[in-house]
Amino acid sequence: MEQATTTEQPQDLLDRLEAMLDRQIEMARANDFGGIETSTEQTRLIITEIAENGLLKQPHLKDRCNGILKRYDSLALILNANKETVAKQLSKVGKGKRTMQAYRHRS
């Protein structure tokens, strides 16, 4: 597993975070929730390093940070849409199961 190191330049940390978020967005679109879960720890480590170095407070990185926030918003939207789809599918499965149980009890 990759870990952020204190010797990395701010630009490198932000590059890694952007790349990780882009991969998570791709995984979310592919319904690879296991991959997202696995990569979340790596993302958390990078974010911790960014926060500890005060990169989010540096004015010249404002646009970069806004771009990262937009990636997070995209990821959240995709995951929420998938959540709704999964919930609908579970509802259909539940209805099918109840129907099967009703017919089984009639027999």
Side-chain angles (χ1 to χ4, degrees):
M1 176 169 75
E2 282 182 63
Q3 284 192 311
T5 63
T6 54
T7 59
E8 282 187 274
Q9 296 297 312
Q11 203 71 18
D12 295 336
L13 287 169
L14 295 174
D15 289 344
R16 287 185 52 214
L17 180 56
E18 286 176 335
M20 183 64 67
L21 289 170
D22 288 341
R23 276 187 271 162
Q24 288 176 329
I25 289 169
E26 289 173 23
M27 287 186 268
R29 287 182 176 142
N31 295 324
D32 180 7
F33 304 115
I36 294 171
E37 186 175 356
T38 301
S39 66
T40 299
E41 178 62 18
Q42 293 172 304
T43 304
R44 188 190 63 76
L45 291 171
I46 296 168
I47 292 169
T48 299
E49 188 75 17
I50 288 170
E52 287 174 355
N53 287 308
L55 300 180
L56 301 175
K57 296 178 183 176
Q58 296 183 14
H60 68 282
L61 295 175
K62 183 180 178 182
D63 289 340
R64 195 76 192 273
C65 291
N66 286 338
I68 289 170
L69 290 174
K70 286 181 183 180
R71 282 178 169 84
Y72 267 113
D73 289 344
S74 295
L75 180 59
L77 286 172
I78 294 166
L79 290 174
N80 279 327
N82 286 337
K83 179 180 163 184
E84 290 176 22
T85 300
V86 169
K88 287 178 186 176
Q89 291 171 345
L90 283 173
S91 175
K92 288 179 183 178
V93 168
K95 287 178 186 176
K97 182 179 177 182
R98 286 188 297 276
T99 301
M100 290 297 293
Q101 287 173 335
Y103 278 110
R104 190 174 94 197
H105 292 294
R106 284 182 158 178
S107 302

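Taking hydrophobic clusters as Ile, Leu, Val, Met, Phe, Trp and Tyr residues chained together by side-chain heavy-atom distances below 4.5 Å, Phe33 shares a cluster with Leu75. Hydrophobic clustering (side-chain heavy atoms under 4.5 Å, transitive across Ile, Leu, Val, Met, Phe, Trp, Tyr) groups Ile46 together with Tyr72.
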Should Glu49 and Leu55 be marked as a side chain to side chain contact (heavy atoms under 4.5 Å, CB included) after you check the CA-CA gap, both sets of side-chain angles, and the distance that decides it?
-> CA-CA 9 Å; Glu49 188 75 17; Leu55 300 180; over 6 Å; no
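The shortest distance between side-chain heavy atoms of Val86 and Leu90 falls below 4.5 Å. Side-chain contact between Arg16 and Gln42 is absent, with no heavy-atom pair separated by less than 4.5 Å. Between Ile78 and Met27, every side-chain heavy-atom pair lies at or beyond the 4.5 Å cut-off. Counting heavy atoms from C-beta outward, Glu41 and Arg44 have side chains that approach closer than 4.5 Å.
Put simply, the side chain of Asn82 never gets that close to the backbone of Asn31: no donor and acceptor are under 3.5 Å apart. The main-chain N or O of Ala87 is never found under 3.5 Å from a side-chain atom of Ser91 such that the two would form a donor-acceptor pair.
Between Arg23 and Glu26 there is no salt bridge, since no side-chain nitrogen of the basic residue lies less than 4.0 Å from a carboxylate oxygen of the acidic one.
Rounding to the nearest 0.5 Å places CG of Leu13 at 11.0 Å from OG1 of Thr48. Residue Ile50 holds its CD1 atom at 7.5 Å from SG of Cys65, rounded to the nearest 0.5 Å. Summarising the geometry, atom CD belonging to Gln24 is positioned 6.5 Å from atom CE belonging to Met20; distances are rounded to the nearest 0.5 Å.
Summarising the geometry of Ile36 relative to Ser39, their closest heavy-atom pair is O-OG, 3.1 Å, with the distance given to 0.1 Å.
When the shell of 6.0 Å around CD of Gln58 is examined, it contains more than 12 heavy atoms from other residues, nucleotides or ligands.
Listed by first and then second residue, the salt bridge (charged side-chain N to carboxylate O under 4.0 Å, His left out) pairs involving residues 69-85 are Glu18-Arg71, Asp22-Arg71 (not counting sequence neighbours).
Considering Leu17, Leu56, Ile68 in turn, Leu17 is the only one that fulfils the side chain to side chain contact (heavy atoms under 4.5 Å, CB included) rule with Ile47.
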